K.L.:
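Got a structure for you, questions after.
Remember, predicted model here, so these are calculated numbers, not experimental data. In the text below, chain A, chain B and the rest are named by the order of the sequence lines, each starting its count at 1.
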Amino acid sequence: MVDLLAGLLPPFLWRLIVIVVQIVAIVLPLLIAVAYLTYAERKVIGAIQLRKGPNVVGPFGLLQPMADGLKLFVKELILPTSASPAVFIGAPMITFLLALVAWAVIPFDKGWVLADINVGVLYVFAISSLGVYGIIMSGWASNSKYAFLGGLRSAAQMVSYEVSIGFIMISVLLTAGSLNLSTIVEAQANSVWYIVPHLPMFFLFLISGLAETNRAPFDLPEAEAELVAGYNVEYSSMAFALFFLGEYANMLLMGAMTSILFLGGWLPLPGLAWLPIPGALWLILKICFVMFIFLWVRATFPRYRYDQLMRLGWKVFLPFSLFWLVLTAGVLTAFDLLPNKG
Amino acid sequence: MFTALIFYMFASIAIASGVMVISSRNPVHSVLWLILAFFNAAGLFLLLGAEFLAMVLVIVYVGAVAVLFLFVVMMLDINMVELREGFLQYLPTGALIGVVLLVELLAMFGGWAFAPDIDALIKAPTPTLDQASNTVALGKIIYTNYVYLFQASGLVLLVAMIGTILLTHRKRTGVRKQVVADQVNRSTSSVELRKVQTGRGI
């Protein structure tokens, strides 16, 4: 049937259809995962704080994300009179769009990737560095003091932590010898998961990921105590929902990147390769593990003060990741472990 | 044909957003148009097969430089109408620069027209794309043949950074600064640690 269809249509059109189907196959589960990440967040934090969490809508409160989504959907979209309309509406769209497009290069299993490009790591890095635009544009376009301050904070925060994320990624890809995410995972299959040689970088990456996705304890852009809700204070209805979805999709992306760079992506746990679990499920389990750490951190730590956040980024993480990069390069050269020679 | 269509799309959007950068009334909108122009330039690099340059353009210019630029422009109170008043005064200088650039471009394209096999005359410094991927080829040539130039450009950036810090850094008196090491080393007498049982509270 599929072959017949492929024969009938012109090859160009057939390729287009295949790509669109692949995109849907990535985006749809991603959106469901985002919805249930919000549910998991409330359940986990509830359990940590000895509460029940959502338990009214549906069995175990499982339909709560749908109810929340519906509520946001039917609300009124308010455009502040002094706002800059095009930028105001564009900002949440950009946030959401960028959170989705980064998934194009994430390999879910051997060969299960939408775009197997050679510069996959750089692509993800580029997209995540663009994420700041959604926030800074919304902060400016809202024409409100709180939103503006939130936007500015976020811009400074994300730019600062990107630098150390970049160095951490370079350490990993020196070890793997490739910028292609699939090759990085395969390099870990041939040696060890990079959490073993790069253990300090794993923690640094997790913490920088928290800062990059504006999660607690680094959620200063939306510090509700001082900034009401920060950059998204003027947003309502679907525009707000897009910010929300974008933020959670970015969290999942950070989880996926942590899994791929340090936890061996789709590879099974050492010693458990005999289990009949497909690679994609291993990746999902690893993402769930990282997400649990994100939620755990949120329930445990108080928010950083702004100057402490900047100090941590520039004076602790940046020198340490730079040192680690030099160390990695030195060790690889000294012990003749470089993956690409000549 | 398809590639040509995409090329014209990127090129026309790049030029259009370039025009919008200088013609839009709001400086923040100008910066946003500039970002769009960068993006389309990255797209053009991708079409040329220079994937590394495309990504670096997005990371460095769009992800870092333009953010800081936007950051500053947002906080400045610029009156564009006032700025435009001296426009005609600078016109000759601007036109001169434009003419120089145009002549240089024409000289380059002219070379192409007069010597169609000019490609063969230029010794290709990097291997072709089917031998090594773009990033690998660049890495091999930058860190071997051009390592001194590479280091020198790094030094230029370092000097710029030191200069900026020197110009903007000033000692302020009367500021209470947090010394994290002191806080961590504080004696335990001021803090009491209690083991709290789950579900009980203090």
K.L.:
Under the side chain to side chain contact (heavy atoms under 4.5 Å, CB included) criterion, do A:V87 and B:H29 qualify, and how do the steps go?
P.N.:
CA-CA 9 Å; A:V87 185; B:H29 289 175; 3.7 Å; yes
K.L.:
Among A:S128, A:A141, A:S129, which has the most heavy-atom pairs under 4.5 Å with chain B?
P.N.:
A:S129
K.L.:
Measure the spacing between CG of A:N118 and CD of B:E51 and express it to the nearest 0.5 Å.
P.N.:
5.0 Å
K.L.:
Side-chain contact test, heavy atoms from C-beta onward, threshold under 4.5 Å: evaluate it for A:L152 versus B:M75 and give yes or no.
P.N.:
yes
K.L.:
Find the distance between CH2 (A:W140) and CG (B:N26) and round it off to the nearest 0.5 Å.
P.N.:
4.0 Å
K.L.:
Please report the shortest heavy-atom distance between A:E162 and B:G63, naming the atom on each side.
P.N.:
OE1-O, 4.0 Å
K.L.:
If you count heavy-atom pairs under 4.5 Å between each of B:I35, B:L57, B:T144 and chain A, which one has the most?
P.N.:
B:I35
K.L.:
For B:F71 and A:A156, which heavy atoms make the closest approach, and how far apart are they?
P.N.:
CE1-N, 4.1 Å
K.L.:
Could you give the distance from CG (B:L32) to OH (A:Y133), rounded to the nearest 0.5 Å?
P.N.:
8.0 Å
K.L.:
Please identify, among A:V159, A:L50, A:L179, A:I136, the residue contributing the most non-hydrogen atom pairs under 4.5 Å to chain B.
P.N.:
A:I136
K.L.:
Search all heavy atoms of A:V119 against all heavy atoms of B:M55 and return the closest pair with its distance.
P.N.:
CG2-CG, 3.8 Å
K.L.:
Using heavy-atom distances under 4.5 Å, tell me whether B:A66 contacts chain A through its side chain, its backbone, both, or neither.
P.N.:
both
K.L.:
Test: side-chain hydrogen bond (donor to acceptor under 3.5 Å, both in side chains). Region: residues 164-174 of chain B. Which pairs qualify, not counting sequence neighbours?
P.N.:
none
K.L.:
If you count heavy-atom pairs under 4.5 Å between each of B:V62, B:V60, B:V56 and chain A, which one has the most?
P.N.:
B:V62
K.L.:
Please classify the contact between A:S84 and chain B as side chain, backbone, both or neither, with a heavy-atom cut-off of under 4.5 Å.
P.N.:
side chain
K.L.:
Counting only non-hydrogen atoms closer than 4.5 Å, does A:V163 touch chain B with its backbone (N, CA, C, O), its side chain (CB onward), both, or neither?
P.N.:
neither
